[in-house]
Amino acid sequence: MQVYTLQAFAKNSKGGNPAGVVLVADSLTDAEMQRIAHQVGMSETAFVSSSKVADYKVRFFTPMKEVDLCGHATIATFYLMRFINIIKKGTYTQETKAGVLRIDVDMYSVAMEQPSPIFAETIDKKAIAKSLNIAESEIRDDLPIQIVSTGLRDILVPIKTLEGLQAIKPNFDKVRKLSEKYNTAGYHLFTLETLKAEATAHCRNLAPLLGVNEEAATGSASGALGCYLLHHGVIPSPSKLRFEQGHCMNAPSEILVEVKQDEQGKISVMVGGIAENVEVIHL
């Protein structure tokens with residue numbers, strides 16, 4: 001079995017979030033895909049097969065379970081297909097368990113459509129702060145801790161300062177239990193203080209329930225965060241955003257997000273970036 005590996009959303013050759021990609025998966029069973037994802041050991045591995053309703057069908061497996069959508073593995077998949085000349089610059093569609101979504105492939109980058117956001121319940125500070133080993137005062141009062149989904153449910157946690165965000169040492173067992181309680185992929189922590197002036201927010205993503213304590217770049221949660229910031233009036237419509245992630249893991253990443261709201265109030269979101277370090281492993 002040939003598996004490609006790439007670093008999606010990489011800011012440089014050391015950055016990004018690793019993803020596995022299997023390009024010919026039509027004959028694989030669910031159990032075989034799960035076994036391969038476990039062997040590859042990356043936060044997600046994408047499996048590409050034929051589709052009757054889109055250009056490609058893509059399924060996403062963590063080392064522990066299948067998930068409906070994965071942003072960084074989508075970027076890796078279509079960047080790879082462009083890199084090895086399976087596809088050309090243009091617009092494509094992918095069938096996922098989160099729906100049929102548009103993919104825009106440029107010469108050196110990929111942008112993916114995500115489902116319209118679902119703004120779900122808000123969560124009290126106390127348990128979240130305890131799971132992060134921080135004081136409640138380190139979490140902003142003017143923005144809610146809220147579950148938002150653009151394909152996967154994530155708990156968005158607004159932290160006051162960049163220094164405070166970088167210093168967090170979570171209790172991953174408590175993060176896992178709260179993620180399970182609220183049926184979410186994990187926490188997406190963010191602050192509006194950034195390393196670079198052109199960035200919108202600095203982020204960390206915790207997903208121990210999916211077998212990944214922390215990952216360096218998270219496409220699905222970045223889309224949710226862009227929608228959250230628009231929904232709560234932090235940014236105008238339309239907005240083009242840059243999110244920093246992965247710096248505390250020595251894997252600097254940049255996720256590009258574009259959000260806009262139509263006259264009926266519907267929010268649309270695109271998430272994009274590049275990939276680096278295409279390699280092949282054989283299982």
Side-chain angles (χ1 to χ4, degrees), residues 1-10 16-115 150-152 185 210-212 215 217-223 255 270-283:
M1 174 59 61
Q2 182 171 274
V3 183
Y4 290 87
T5 64
L6 302 84
Q7 303 285 124
F9 297 122
N17 193 0
V21 181
V22 175
L23 288 176
V24 184
D26 294 83
S27 64
L28 296 176
T29 66
D30 290 8
E32 287 170 331
M33 286 188 271
Q34 185 62 76
R35 177 179 57 79
I36 291 166
H38 182 76
Q39 286 182 274
V40 172
M42 295 181 173
S43 57
E44 274 90 5
T45 297
F47 295 85
V48 183
S49 58
S50 56
S51 171
K52 294 180 180 179
V53 297
D55 294 310
Y56 300 96
K57 181 177 182 179
V58 188
R59 295 175 65 181
F60 307 97
F61 287 78
T62 77
M64 297 176 63
K65 62 185 288 189
E66 184 176 10
V67 293
D68 291 349
L69 182 66
C70 177
H72 84 276
T74 294
I75 299 301
T77 297
F78 283 85
Y79 186 93
L80 172 66
M81 291 197 288
R82 174 72 183 91
F83 183 80
I84 61 178
N85 293 316
I86 292 176
I87 60 175
K88 299 182 182 298
K89 177 180 176 181
T91 297
Y92 299 87
T93 53
Q94 69 165 348
E95 176 191 353
T96 74
K97 290 195 170 182
V100 176
L101 304 172
R102 187 177 101 237
I103 308 292
D104 292 338
V105 178
D106 206 338
M107 289 298 294
Y108 303 108
S109 64
V110 176
M112 63 169 289
E113 177 189 21
Q114 292 187 347
T150 52
L152 288 178
L210 301 182
V212 185
E215 63 178 8
T218 315
S220 55
S222 294
I255 303 99
M270 296 287 291
V271 176
I274 65 168
E276 294 270 4
N277 303 332
V278 178
E279 297 182 359
V280 182
I281 59 176
H282 294 88
L283 301 180

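For the single chain, residues carry numbers from 1 onward in sequence order.
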Got [X] and [Y] here, is their nearest side-chain heavy-atom distance under 4.5 Å?
{"X": "Met42", "Y": "Thr5", "value": "yes"}
{"X": "Met112", "Y": "Met270", "value": "no"}
{"X": "Val105", "Y": "Lys88", "value": "no"}
{"X": "Leu23", "Y": "Val21", "value": "yes"}
{"X": "Val280", "Y": "Gln2", "value": "yes"}
{"X": "Ile84", "Y": "Tyr4", "value": "yes"}

Practice item. Run the numbers on Leu80 and Leu6 for side-chain contact (heavy atoms from CB on, under 4.5 Å), then give the verdict. Key: CA-CA 8 Å; Leu80 172 66; Leu6 302 84; 4.0 Å; yes
**Study point:** Distance-only polar pair, side chains of Ser43 and Glu215, donor-acceptor under 3.5 Å
**Key:**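 Indeed, the side chains of Ser43 and Glu215 share at least one donor-acceptor pair under 3.5 Å.
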Point to revise | Test item: side-chain donor near acceptor, Asn277 and Gln7, under 3.5 Å | key: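 No.
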Check your understanding: Between Lys52 and Glu95, is there a salt bridge with N-O shorter than 4.0 Å?
Key ->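 Result for this pair is no, no salt bridge flagged.
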Review point. Does Lys57 pair with Asp26 as a salt bridge, N-O distance under 4.0 Å?
Key: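 Answer for the salt bridge query: no.
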**Study point:** Audit row: Tyr79, Asp106, side-chain contact (heavy atoms from CB on, under 4.5 Å) steps and yes/no
**Key:** CA-CA 9 Å; Tyr79 186 93; Asp106 206 338; over 6 Å; no
[X] side chain to [Y] backbone, donor-acceptor under 3.5 Å:
{"X": "Glu32", "Y": "Thr29", "answer": "yes"}
{"X": "Thr150", "Y": "Ser220", "answer": "yes"}
{"X": "His72", "Y": "Phe9", "answer": "no"}
{"X": "Gln34", "Y": "Pro63", "answer": "yes"}

Check your understanding: Roughly how far, to the nearest 0.5 Å, is CD of Glu44 from CG of Leu69?
Key ->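 If I round to the nearest 0.5 Å, the distance is 9.5 Å.
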Check your understanding: When you look at Gln94 and Thr74, which way does the side chain to side chain donor-acceptor pair (under 3.5 Å) test go after all the steps?
Key -> CA-CA 9 Å; Gln94 69 165 348; Thr74 294; 3.3 Å; yes
Practice item. If the plane angle is over 60° it's perpendicular, under 30° parallel, otherwise tilted; pick one for Phe61 and Phe47. Key: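 Rings of Phe61 and Phe47: perpendicular, as their planes differ by over 60°.
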Point to revise | Ring geometry between Tyr92 and Tyr56 (parallel below 30°, tilted from 30 to 60°, perpendicular above 60°) | key: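 Ring orientation of Tyr56 relative to Tyr92: tilted.
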